[in-house]
Amino acid sequence: MKIATWNVNSLRVRLPQVLEWIGVHQPDIFALQETKLPDTDFPVEAFQQIGYQATFSGQRTYNGVAILSRQPGSEMVTDIPGLEDVQRRVLGMTFANIRVFNFYVPNGESVTSEKYAYKLNWLAKCHDYLQAQLKQYPEMILLGDFNIAPEERDVYDPKQWEGQVLFSGPERQAFQAILQLGFQDGFRLLHPDAQEFSWWDYRLNAFKRNMGLRIDHILVSQALAVKCQKCFIDKSLRQAERPSDHAVVVMEIE
DNA sequence: ATGGTTGCAACGCAA
């Protein structure tokens, strides 16, 4: 099974790239974040024409998550219990006994922002929910834009980034707390020593200078970690014309 | 140097 995640930063703009990527890689499951589309505008037919189902939870202008899949999923959820949130950031689906959660974790803006407090609360509620879900579904995949670089080697300049949003202590602790529920970071599991990034700011030629962070992740429960064969970051779309600021992360299981 | 780029939507906000 091939599963992938990409923050598209507007599906309207990136639809041709999504279709092209699916054509080349034929994923079983493709999770998207920042679709920035209300559900009424989702391009369902474009995906049907290439043999994919689309499930989505969107809103106008901001946020929005979707799962494209060859097979239909079940048990769709779009909200985390205890978290009243108008922002569309969560999409849970079950595919053949595998529980999949597509997350667009809040950015946080800066550590002094109210949005940072919202991010930490979001992660705490998410943690508690996942703890309960894991008991029900031993095979689980959490993937998406986590907006957290877990370790120093996941940041191009960790000294400059220390204490900054995306790399602050509390965010990294929240990430570790989710791992400690019984998840493995797929990329790190298969590439223990690699330094690769999944996001580069649009500004300052950050991509060309490889000034990036690894903030997009595919986490797998123990039951799946032992079946994980590949996990890699595909930068091809980041260097395309009119790119998203994120790369695609891919995993192969079984 | 506190900049800069992109998307949305219509101007500043969010990332």
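In the text below, chain A, chain B and the rest are named by the order of the sequence lines, each starting its count at 1. Since the model is a prediction, treat every value here as computed from it, not as a measurement. Any value given below was found using the heavy atoms of this structure, including those in side chains, with hydrogens, waters and symmetry copies removed.
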Under 6.0 Å from the CD atom of A/Gln239, do we count more than 12 heavy atoms belonging to anything else shown?
yes

Write down the distance between CD (A/Gln59) and C1' (B/dG7), rounded to a whole number of angstrom.
14 Å

Any chance you could encode DNA chain B as dot-bracket? Rule is Watson-Crick or G-U wobble with both distances under 3.5 Å; [ ] for pairs crossing earlier ones, | for another strand.
....((((...))))

Can you tell me if A/Gln71 has over 12 outside heavy atoms packed within less than 6.0 Å of its CD?
no

I need the CG-P distance between A/Leu204 and B/dT5, as an integer number of Å.
8 Å

For A/Glu20, does the CD atom sit with more than 12 other heavy atoms under 6.0 Å from it, leaving out its own atoms?
no

I need the CG-C1' distance between A/Asp201 and B/dT2, as an integer number of Å.
14 Å

Check A/Asp245, A/Asp216, A/Asn7 against A/Trp199 for a side-chain hydrogen bond (donor to acceptor under 3.5 Å, both in side chains) and give me the one that passes.
A/Asp245

Below 4.0 angstrom, N of the basic side chain to O of the carboxylate: do A/Glu139 and A/Lys227 qualify?
yes

Salt bridge flag under 4.0 Å for residues A/Glu162 and A/Arg172
yes

Using a 4.0 Å heavy-atom cut-off to protein, can you give one letter per nucleotide of nucleotides 9-15 of chain B, 5' to 3': B if the base is in contact, S if only the sugar-phosphate is, - if neither?
S----SB

Determine the interatomic distance between C1' on B/dA9 and the same-named atom on B/dA14; round to the nearest Å.
13 Å

Under 4.0 Å between a side-chain nitrogen and a carboxylate oxygen: does that hold for A/Glu171 and A/Lys119?
yes

Compute the ring centroids of A/Phe47 and A/Phe56, then answer whether they are less than 6.0 Å apart.
no

N/O (side chain, A/Ser244) to phosphate O (OP1/OP2, B/dT6) under 4.0 Å
no

